[in-house]
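See structure below.
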Amino acid sequence: MSRIWIVVWAIVIWQIAVWAFAPEPKARPVAPIDGPGYGTSEKYSVDGRAIKRASVIAALERPYGARCAGDGRKQFIGGLDSYYYHRQNQMERYPETFGKPGADYIAKQWSTGEDRRIERLTQEAYTQGYFTLSDLSSVARKMVENVVRNERVTAKACG
């Protein structure tokens with residue numbers, strides 16, 4: 001019985017030694033990306049961006065009284081959070097996936113006139129005190145921090 005244990009331990013130690021001293025596999029160099037900056041499913045992302053814009057516009061056009069409590073507040077904050085979450089996520093992922101062409105492409109996709117309007121309405125809602133940055137998820141907050149960077153809260157609409 002003890003010889004079996006010696007053999008088992010010898011095999012275990014041999015496996016650990018082989019694993020510990022094995023050379024690291026060489027990483028393949030990243031091929032330069034020279035393409036359109038998006039993948040084959042981009043048409044769905046384009047539709048998704050349009051839906052997110054419509055949703056956040058509806059949230060930003062809610063009556064002011066409905067932004068501070070109950071379901072109205074949930075819809076208001078949820079609309080902002082969802083739009084800015086997806087926008088920030090795509091602004092990070094496209095360059096990771098598609099390189100500079102992806103970064104250029106997605107920056108253009110999120111800089112329409114409608115996006116500028118959303119940013120302006122977001123700034124107004126922020127300065128009037130309808131939301132704080134802590135109301136948003138961390139991903140959405142990154143984008144909104146840039147949008148409201150130069151804004152000052154002048155009222156406490158929901159305070």
Side-chain angles (χ1 to χ4, degrees), residues 19-20 22-159:
W19 172 77
E24 277 191 44
K26 297 195 181 196
R28 287 189 279 164
V30 177
I33 298 171
D34 186 25
Y38 54 85
T40 56
S41 62
E42 182 61 18
K43 67 179 180 175
Y44 303 111
S45 295
V46 170
D47 293 342
R49 285 189 285 275
I51 291 167
K52 292 297 173 196
R53 287 182 184 109
S55 176
V56 75
I57 290 288
L60 287 163
E61 290 180 341
R62 293 188 63 73
Y64 291 145
R67 293 179 175 186
C68 295
D71 285 339
R73 174 109 180 126
K74 275 181 164 175
Q75 292 171 355
F76 176 68
I77 297 298
L80 283 173
D81 194 77
S82 180
Y83 170 81
Y84 283 109
Y85 172 89
H86 283 89
R87 183 172 169 178
Q88 178 66 31
N89 190 45
Q90 287 184 4
M91 294 294 285
E92 291 174 359
R93 298 299 155 256
Y94 275 64
E96 284 177 4
T97 306
F98 305 108
K100 178 147 175 42
D104 295 343
Y105 172 78
I106 202 62
K108 184 177 178 184
Q109 296 304 304
W110 285 111
S111 57
T112 66
E114 206 167 12
D115 293 311
R116 287 190 294 279
R117 177 176 179 229
I118 291 165
E119 289 173 4
R120 183 181 51 76
L121 292 171
T122 301
Q123 291 165 343
E124 288 175 10
Y126 177 76
T127 60
Q128 294 168 2
Y130 286 105
F131 74 95
T132 64
L133 293 173
S134 64
D135 292 329
L136 305 171
S137 67
S138 61
V139 175
R141 189 177 315 131
K142 283 166 66 176
M143 179 64 68
V144 176
E145 283 173 343
N146 286 329
V147 170
V148 300
R149 173 179 55 241
N150 298 324
E151 302 300 320
R152 211 174 50 131
V153 178
T154 58
K156 283 247 182 200
C158 291

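Only a predicted model underlies this, so the values are computations on that prediction, with no experimental measurement involved.
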Can I get a per-line list of side-chain donor-acceptor pairs under 3.5 Å for residues 58-67, giving both atom names and the distance, sequence neighbours left out?
residue	atom	partner	partner atom	Å
Glu61	OE2	Arg117	NH2	2.4
Arg62	NH1	Gln75	OE1	3.0
Arg62	NH2	Gln75	OE1	3.3
Arg67	NH2	Leu60	O	2.4

Please check if any side-chain donor atom of Gln123 sits under 3.5 Å from a side-chain acceptor atom of Glu119, or the reverse. no
| Is the side chain of Thr97 donor-acceptor paired with the backbone N or O of Arg93 at a distance under 3.5 Å, no angle test? | yes
d(Met91 CE, Asn89 CG) to nearest 0.5 Å is 11.5 Å
Residue pair Val144, Phe131: steps toward the side chain to side chain contact (heavy atoms under 4.5 Å, CB included) verdict: CA-CA 11 Å; Val144 176; Phe131 74 95; 4.0 Å; yes
task: Could you check Gln109 against Ser45 for side chain to side chain contact (heavy atoms under 4.5 Å, CB included), going step by step and ending with a plain yes or no?
output: CA-CA 10 Å; Gln109 296 304 304; Ser45 295; over 6 Å; no
Does Gly79 offer a backbone N or O that forms a donor-acceptor pair with the side chain of Ser55 under 3.5 Å? no
**Asked** Can any side-chain N or O of Ser111 pair as donor or acceptor with the backbone N or O of Ala107 at less than 3.5 Å?
**Response** yes
(message) Assess, by modelled atom type and distance only, whether the side chains of Tyr94 and Glu42 contain a donor and an acceptor separated by less than 3.5 Å.
(response) yes
Distance col, row Lys108:NZ vs Asp115:CG, nearest 0.5 angstrom, shows 13.5 Å
Interatomic distance, CG@Leu136 vs OH@Tyr85, rounded to 0.5 Å, equals 13.5 Å
Are Thr122 and Tyr83 linked by a side-chain donor-acceptor pair shorter than 3.5 Å?
no
Notebook entry, point to check: Just by distance, do the side chain of Asn146 and the backbone of Met143 share a donor-acceptor pair under 3.5 Å?
Noted result: no
So OG of Ser138 and CG of Asp81: to nearest 0.5 Å the spacing works out to 9.0 Å
d(Tyr126 OH, Thr154 OG1) to nearest 0.5 Å is 10.5 Å
Correct closest heavy-atom pair for Tyr105 and Gly37 would be CD2-O, 3.8 Å
Does the side chain to side chain contact (heavy atoms under 4.5 Å, CB included) test come out yes or no for Glu92 and Val139, once each step is laid out?
-> CA-CA 10 Å; Glu92 291 174 359; Val139 175; 5.5 Å; no
